[in-house]
Amino acid sequence: MSQDHRSLQQIIDFRLEKLARIRAAGYDPYPYKFDPDTQVQSIQETGDDLVGTPVSIAGRLVSLRKMGKASFAHIQDESGKQQIYVKRDDVGADVYNNLFKNLDIGDIIGVRGDVFRTKTGELTLHVRELTLLAKSIRPLPNLKEKDGQAFNEFDDKELRYRQRHLDFIANPEVKTIFRQRAAIIRSIRNFFDTRGFVEVETPALQPIYGGASARPFTTYHNTLEQKLYLRIADELYLKRLIIGGFEKVYELAKNFRNEGMDRNHNPEYTSLEFYQAYQDLYDMMELTEELIKTAAAATGKRTVNFGGKTIDLTMPFERKSMFELLNKKTGKTIEKMAEQQLLEYAQSLKLEVSSKMNYGQLLDKLFGELIEPDLVQPTFVYDYPKAISPLAKVKRNGDGTLVERFELFIGGMEFANSFSELTDPLDQRQRLEAQAKLRELGDEEAQVVDENFLQALEVGMPPTGGVGIGVDRLVMLLTEQNSIKDVILFPALRQI
RNA sequence: GACCCAGUAGCUCAGUCGGUAGAGCAGCGGCCUUUUAAGCCGUUGGUCGCAGGUUCGAUUCCUGCCUGGGUCACCA
């Protein structure tokens, strides 16, 4: 408390004095329970039919208008705000003078009374009994509003993220984003459960990290005397489950990536990965499309406004090969270009490329710059270069440079990544060893060789389709938020 | 990591072409038994993000740093 400045400390001191007066008058400021029989939303919905009916509600005091021997106030519960009318002659002089007069905005109270309509028309609870449920000793932001329009709105993003509880009190509509998030995740679980998938949990602490190209967080286990990594993906463990005979698995996992943060990236984020034995990339496309449409339906939206563009989530998703998109955009035949030609072409477009980049990285760069931003309506892009896809099977009937991989783009952003999973253990070993060479050359995001995973693959893995989806991004899309911080309850911020 | 913007009372913000600051709300005291951004009278509260520099004097100008936001780069 000593770090509070004097003006704030003064407010806290006044509230502590009130707390003491309440105790001295024999009221418990922090009692054990209260049983409200109604939520305020249902009072407002029922309307005049409720007039005269006794109800009890509980919530936080968010406005207070004292007029001597009678007062109006609003209390806010999870469902909304309710005006209450507290009159000395109805609650009793002792409660009014010794308890009610020592209340502040922010206190949590329970009230029993009956409903009436004031002369200005607001359905109001006429309080007969008032119980303090928690005394607040630290002030809230201003909560003034009229006709739904807030004054002195609590909208400083830093304060809102650092003190989320205040955000939810001052801006209760923000809670709907997180209710929708819960509904989306529930619909995802339901989607897989009804299709016979098993939900699993694999290690977040891993002795070797893998399954994606990213930099990990490291930690240390004292008893094992061993370095551990926080997972960047759960892919390799899920594949071991497929090898072991689980044929359909999914996991909603927190991943941790030690990389930059911005409106699309939080260092810890939620991924969905699912794998189905005996299926391939094209089966996964269909499953992914169905899944996203199911999740969208859970929010009741058919179209969303995302990044200033309207996206229709009911239409069939587009399916395009990377070259088809690049050729159309550039007017060239990109697949006929060799690495050197691709480099020169990218340089001619003034893209940031270097001669150290391989064929796959160059193609990925071109695609990211020229095509991704235009992929507004949901589009599956397939035929990825092998060099940047070490966990995907080579494209069937191809020349060996491409793999069976798709990524799903919506609103210019990547939402899903999928492979016909590489199941050839010898090929997989070579690809991971190639990644290890990239690491030696300084690519900190290149993947590492996981001997345990390779040995599992050697036991034999059925043909399998697998998909990874960024759940936070999906929530962003479906709740029309343009920052990942707005769909994560406590986004990462620097400690101050 | 680079660039741009911001940080003044508990909250929302003004302001100082350099002379150590104001408002509304909240708070405190008083009046008020159907108010609703309640009202009326009175009133407390600030290391002006932090640290240096220039200056007789810095919250204001300069430099560095901290925190957040935005854009870009990388990634999901």
Side-chain angles (χ1 to χ4, degrees), chain A residues 4-15 17-18 62-74 81 83-91 96 104-106 116-122 124 126 137-163 166 170 211-215 232-233 255-273 351-352 361 364-365 368-369 407-409 413-417 443-445 468-474 476 482-485 491 493-496:
Chain A
D4 292 328
H5 286 166
R6 201 157 72 103
S7 57
L8 175 56
Q9 190 57 53
Q10 196 178 47
I11 292 170
I12 291 171
D13 286 344
F14 279 122
R15 291 191 173 206
E17 283 172 26
K18 292 179 187 176
V62 291
S63 72
L64 190 51
R65 294 176 290 285
K66 295 182 185 176
M67 302 171 300
K69 298 179 187 64
S71 304
F72 285 92
H74 278 88
K81 283 182 200 170
Q83 179 164 262
I84 62 171
Y85 177 57
V86 184
K87 192 159 70 161
R88 187 193 65 184
D89 295 345
D90 293 323
V91 295
Y96 197 83
D104 290 292
I105 287 171
F116 75 111
R117 208 173 268 284
T118 63
K119 67 183 182 190
T120 49
E122 182 164 349
T124 300
H126 191 142
I137 58 169
R138 188 173 286 270
L140 299 176
N142 269 323
L143 299 171
K144 296 281 182 185
E145 66 146 289
K146 185 185 187 181
D147 301 330
Q149 190 201 347
F151 295 80
N152 305 320
E153 200 168 5
F154 185 64
D155 63 356
D156 182 305
K157 280 184 187 291
E158 183 172 359
L159 289 174
R160 287 182 47 215
Y161 298 143
R162 285 191 194 279
Q163 304 193 66
L166 297 183
S213 300
R215 293 163 66 183
I232 58 170
N255 286 342
F256 306 86
R257 297 194 180 178
N258 209 338
E259 294 171 345
M261 330 164 29
D262 59 32
R263 62 156 63 167
N264 295 322
H265 298 86
N266 196 60
E268 59 176 296
Y269 69 99
T270 303
S271 81
L272 165 70
E273 290 201 25
L351 300 182
E352 277 183 47
Q361 290 168 325
D364 196 43
K365 181 76 185 173
E369 293 285 340
E407 292 190 312
L408 171 64
F409 293 89
M413 195 158 85
E414 184 188 335
F415 278 79
N417 184 23
D443 182 349
E444 289 185 80
E445 293 185 355
I469 292 181
V471 172
D472 309 276
R473 289 185 175 184
L474 184 60
M476 284 170 67
N482 57 27
S483 170
I484 199 168
K485 286 187 166 74
L493 294 173
R494 197 178 293 270
Q495 177 90 25
I496 52 169

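Note that these values count all heavy atoms, side chains included, but never hydrogens, waters or copies made by symmetry. Naming convention: chains lettered A, B, ... in sequence-line order (proteins, then strands); numbering from 1 in each chain.
Side-chain atoms of A:I11 lie closest to B:G27 of the nucleotides B:U35, B:G27, B:A73. Minimum atom distance to the side chain of A:R6 is reached by B:G45, of the listed B:G68, B:C25, B:G45. When distances are taken from the side chain of A:N142 to each of B:C11, B:U35, B:G27, the shortest belongs to B:C11. Of the listed nucleotides (B:C74, B:G69, B:U34), B:G69 has the atom at the smallest distance from the side chain of A:L493.
Counting to the nearest Å, the P atom of B:G70 and the NZ atom of A:K157 are 6 Å from each other. Atom-to-atom, NZ of A:K69 to C1' of B:U34 comes out at 15 Å; the value is rounded to the nearest Å. Rounded to an integer number of Å, the gap from A:N264 CG to B:C72 P is 10 Å. Between A:L64 atom CG and B:C32 atom C1' there is a gap of 14 Å when expressed in whole angstrom units. When rounded to the nearest whole Å, the span between CE of A:M67 and P of B:U35 equals 7 Å. One interatomic measurement links the two molecules: CG of A:L159 to C1' of B:G7, which rounds to 10 Å at whole-angstrom precision. Residue A:F154 contributes atom CZ, which lies 11 Å from atom P of B:C13 at whole-angstrom precision. Between A:R160 atom CZ and B:G68 atom C1' there is a gap of 13 Å when expressed in whole angstrom units.
Both distances falling under 3.5 Å, in either a Watson-Crick or a G-U wobble arrangement, place B:G27 opposite B:U43. With a cut-off of 3.5 Å on both Watson-Crick or G-U wobble distances, the partner of B:C56 is given as B:G19.
A:E158 is linked by a salt bridge (Lys or Arg N to Asp or Glu O under 4.0 Å) to A:R162, counting only residues two or more places apart in sequence or in another chain. With sequence neighbours excluded, the residues satisfying salt bridge (Lys or Arg N to Asp or Glu O under 4.0 Å) with A:D90 are A:K87, A:R128. By the salt bridge (Lys or Arg N to Asp or Glu O under 4.0 Å) test, A:K69 is found to be paired with no residue, residues two or more places apart in sequence or in another chain being considered. In this structure, A:R88 has no salt bridge (Lys or Arg N to Asp or Glu O under 4.0 Å) partners at least two apart in sequence or on a different chain.
Contact detail for A:L64 and A:K66: the closest heavy-atom pair is CD2-CE, 3.6 Å.
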- In 5'-to-3' order, the base (B), backbone-only (S) or no-contact (-) status of each nucleotide in nucleotides 1-6 of chain B, using a 4.0 angstrom heavy-atom cut-off, is ------
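When the side-chain nitrogen and oxygen atoms of A:R263 are compared with OP1 and OP2 of B:U71, one or more of them lie within a distance under 4.0 Å. Contact annotation: A:K485 side-chain N/O to B:G69 OP1/OP2 distance is under 4.0 Å. Considering only side-chain N and O atoms, A:K365 lies under 4.0 angstrom from the phosphate OP1 or OP2 of B:C74.
Nucleic acid contact class of A:G68 (heavy atoms, under 4.0 Å, all strands): base. Among the atoms of the strands shown, only primed sugar atoms or phosphate atoms (P, OP1, OP2) are found under 4.0 Å from some heavy atom of A:E145.
Side chain A:E122 to base B:U34: no donor-acceptor pair is found below 3.5 Å. For a distance-only test at 3.5 Å, the side chain of A:D156 fails to qualify as a donor-acceptor partner of the base of B:C11.
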Could you go over nucleotides 28-30 of chain B and give all protein N or O partners under 3.5 Å, atom names and distances?
residue: B:C28; atom: OP1; partner: A:K18; partner atom: NZ; Å: 2.3

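Counting non-hydrogen atoms of other residues, nucleotides and ligands closer than 6.0 Å to CZ of A:R65 gives a total above 12.
When each of A:N266 and A:K119 is assigned the nucleotide of RNA chain B bearing its nearest heavy atom, the one mapping closer to the 5' terminus is A:K119.
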